[in-house]
Number of protein chains: 2
Amino acid sequence: MTETLTQIKKDFTEGLSQISRFWGFPKGMGAIFAVLYLSPTALSLDEIVERTGLTKGAVSTEVRTLARMGLVHRSTKLGDRKDYYTAETDFYAAIRSILQERQNSEFDRAVRSVKETLTALEANWVEDEEWNFVYERVKALQEFFDAIDSLAKAVIRLESLGLSNVTKILSVLK
Amino acid sequence: MTETLTQIKKDFTEGLSQISRFWGFPKGMGAIFAVLYLSPTALSLDEIVERTGLTKGAVSTEVRTLARMGLVHRSTKLGDRKDYYTAETDFYAAIRSILQERQNSEFDRAVRSVKETLTALEANWVEDEEWNFVYERVKALQEFFDAIDSLAKAVIRLESLGLSNVTKILSVLK
DNA sequence: TTGTATGTTTAGTAAATACTAAACGAAATA
DNA sequence: TATTTCGTTTAGTATTTACTAAACATACAA
């Protein structure tokens, strides 16, 4: 039984939608990326609307956040008022861009609040068993977050080596 | 101005709730982990209820998923029918456990669907420009997912070295 | 100027999710 | 057996979030 290409594309789009949802993004975002990713040519907003079944409004806002994350690129053609969109194919670049974007995100604000807890504990120090306990715990968590952060940055910096090469290197370390 | 310890704890709990929410978990889960993490002693379900302000039902289900992820541990005391909970403090162990749990998750099902797209394309091969284009793209994405997966596994395997040491090693690689 | 083609914003709806309240079950104790 | 003490399940509610439909803004064209 022969599946048609459009059917295969549809399945793929469905898959990416799921993945998007899993990471806490709207599934529409996954779908938009998928149709761009599978298109040999840049697509206009209306073409995306047509292929995803979403409305203009939804595509307009979601494509913008995708662009901010560096996962799609907006371009124009001379003598054509439409915007055209293409998918980023260098995923490492995309990851780097997402991590940068992340700096100003809700997540980092929250992580900073852990740091603030720590300084609050230091500032109002009380020689007390529980106080000490809490301090140690908060500090450990803070260090963990820092470690993850530096690890991510280190991996990103090595992007030029290729992710799989980095993996190979790590594999022999032990 | 001196902040009281309970106030600091509250702020910390608030912070972890945000982080939890950011990663797509209920904010209650973050709160539960926080109160356990800051408690020198194991807490019963009702004590968690009291400190988080959630209901027994919510705590019951959420503490269970935390346990499944390896972020908290359930224990009992002899001659006491209550369950007691403590927070995992070895975050590397927790990450490993979460990644294992992930194997059966919705995420992996979705990632597998990319692989399936690939085999569908191979199975119904048509010598056609677009077909070829789509195939290359899907393949590239699949390889990227694989790379991320092996990298994660490699890092996890090195957990014994300590995360910050791994980071240091990566830093000199370039 | 008016009309047309585009993208954006907004106000409201639908759908998903976290959470509550309360019934239930099970196990120990009286 | 009845009662108490715990955890779980369930049915419903509230909240959040994604999305739609339509008004709006802008720029160009006639």
Side-chain angles (χ1 to χ4, degrees), chain A residues 13-14 16-36 42-69 72-86 105-107 110, chain B residues 13-14 16-36 42-69 72-86 105-107 110:
Chain A
T13 304
E14 182 60 33
L16 278 204
S17 300
Q18 296 282 100
I19 290 170
S20 175
R21 217 167 61 124
F22 182 87
W23 288 110
F25 302 108
K27 73 174 206 271
M29 257 183 58
I32 291 170
F33 181 82
V35 305
L36 289 175
L43 298 181
S44 72
L45 198 144
D46 278 324
E47 285 169 319
I48 299 172
V49 166
E50 189 193 330
R51 300 189 191 194
T52 56
L54 301 172
T55 58
K56 271 206 316 179
V59 174
S60 171
T61 60
E62 273 160 21
V63 94
R64 197 178 338 148
T65 78
L66 278 169
R68 212 177 47 223
M69 294 196 296
V72 313
H73 301 290
R74 185 190 303 236
S75 59
T76 49
K77 293 179 185 172
L78 281 159
D80 186 340
R81 275 166 54 209
K82 287 182 201 142
D83 291 345
Y84 287 90
Y85 299 92
T86 52
S105 79
E106 212 54 27
F107 175 70
Chain B
T13 304
E14 183 60 33
L16 279 204
S17 300
Q18 296 282 101
I19 291 171
S20 175
R21 217 169 60 127
F22 182 87
W23 289 110
F25 302 109
K27 73 174 207 270
M29 256 182 61
I32 292 170
F33 181 82
V35 304
L36 289 175
L43 299 181
S44 71
L45 198 142
D46 278 324
E47 284 168 319
I48 299 172
V49 166
E50 188 192 330
R51 300 189 192 197
T52 56
L54 301 171
T55 57
K56 271 207 313 181
V59 174
S60 171
T61 60
E62 273 159 21
V63 94
R64 200 182 330 149
T65 78
L66 277 169
R68 212 177 48 223
M69 295 197 295
V72 313
H73 301 289
R74 185 188 300 236
S75 59
T76 50
K77 295 180 183 171
L78 281 159
D80 186 340
R81 275 165 56 209
K82 288 183 202 142
D83 289 346
Y84 287 90
Y85 299 92
T86 53
S105 79
E106 213 53 29
F107 176 72

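Just so you know, these numbers use all the heavy atoms, side chains as well, and skip hydrogens, waters and symmetry mates.
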* Asked: Do Ile32(B) and Leu54(B) pass the side-chain contact (heavy atoms from CB on, under 4.5 Å) test, and can you show the C-alpha distance, the side-chain angles, and the key distance before you say yes or no?
  -> CA-CA 9 Å; Ile32(B) 292 170; Leu54(B) 301 171; 4.1 Å; yes
* Asked: Phe25(B) and Met69(B): side-chain contact (heavy atoms from CB on, under 4.5 Å), yes or no, with the steps?
  -> CA-CA 12 Å; Phe25(B) 302 109; Met69(B) 295 197 295; 4.1 Å; yes
* Val72(B) and Thr86(B): CA distance, side-chain angles, deciding distance, side-chain contact (heavy atoms from CB on, under 4.5 Å) verdict -> CA-CA 6 Å; Val72(B) 313; Thr86(B) 53; over 6 Å; no
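Rounding to whole angstrom units, CG of residue Asp80(A) and C1' of dA5(C) are separated by 10 Å. Phe22(B) has its CZ atom 16 Å from the P atom of dA18(C), to the nearest Å. Taking atom CE of residue Met29(B) and atom P of nucleotide dA18(C), one finds them 10 Å apart after rounding to whole Å. Atom pair Arg64(B):CZ and dG7(D):C1' shows a separation of 9 Å (rounding to whole Å applied). Rounding to whole angstrom units, CD1 of residue Ile32(B) and C1' of dG7(D) are separated by 14 Å. We find that NZ of Lys82(B) is positioned 17 Å from C1' of dT8(D), with the value rounded to whole Å. In this entry the distance linking CD1 of Ile48(A) with P of dT8(C) reads 11 Å, nearest Å. Taking atom CG of residue Asp46(B) and atom P of nucleotide dG7(D), one finds them 6 Å apart after rounding to whole Å.
At least one side-chain heavy atom of Met29(A) sits less than 4.5 Å from a side-chain heavy atom of Leu66(A). Side-chain contact between Glu47(B) and Tyr84(B) is present, with at least one heavy-atom pair separated by less than 4.5 Å. Arg51(A) has its side chain out of reach of Thr13(A): every pair of non-hydrogen atoms, C-beta onward, lies at least 4.5 Å apart.
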So which protein nitrogen or oxygen atoms get under 3.5 Å of nucleotides 26-28 of chain D's nitrogens or oxygens?
from    : atom 1 : to       : atom 2 : distance (Å)
dA27(D) : N3     : Arg81(A) : NH2    : 3.4

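In this structure, the helix from dT1(C)-dA30(D) to dA30(C)-dT1(D) shows an angle of 10° between the axis at its start and the axis at its end, each fitted on 5 base pairs and rounded to 10°.
Judged by distance alone, the side chain of Ser60(B) and the main-chain N or O of Lys56(B) form no donor-acceptor pair under 3.5 Å. Although no hydrogens or angles enter the test, the distance criterion places a donor-acceptor pair under 3.5 Å between the side chain of Ser20(A) and the main chain of Pro26(A).
Taking CD1 from Ile48(B) and CD from Glu50(B), the interatomic distance works out to 11.0 Å, rounded to the nearest 0.5 Å. The distance from atom CZ of Arg74(A) to atom CZ of Arg68(A), rounded to the nearest 0.5 Å, is 11.5 Å. Within the model, atoms CG of Leu43(B) and CG of Asp83(B) stand 12.5 Å from one another, a figure rounded to the nearest 0.5 Å.
Less than 4.0 Å separates DNA chain C from at least one heavy atom of each of the following residues of residues 51-61 of chain A: Lys56(A), Gly57(A), Ser60(A), Thr61(A).
The phosphate of dC19(C) has neither OP1 nor OP2 within less than 4.0 Å of any side-chain N or O from Arg21(B).
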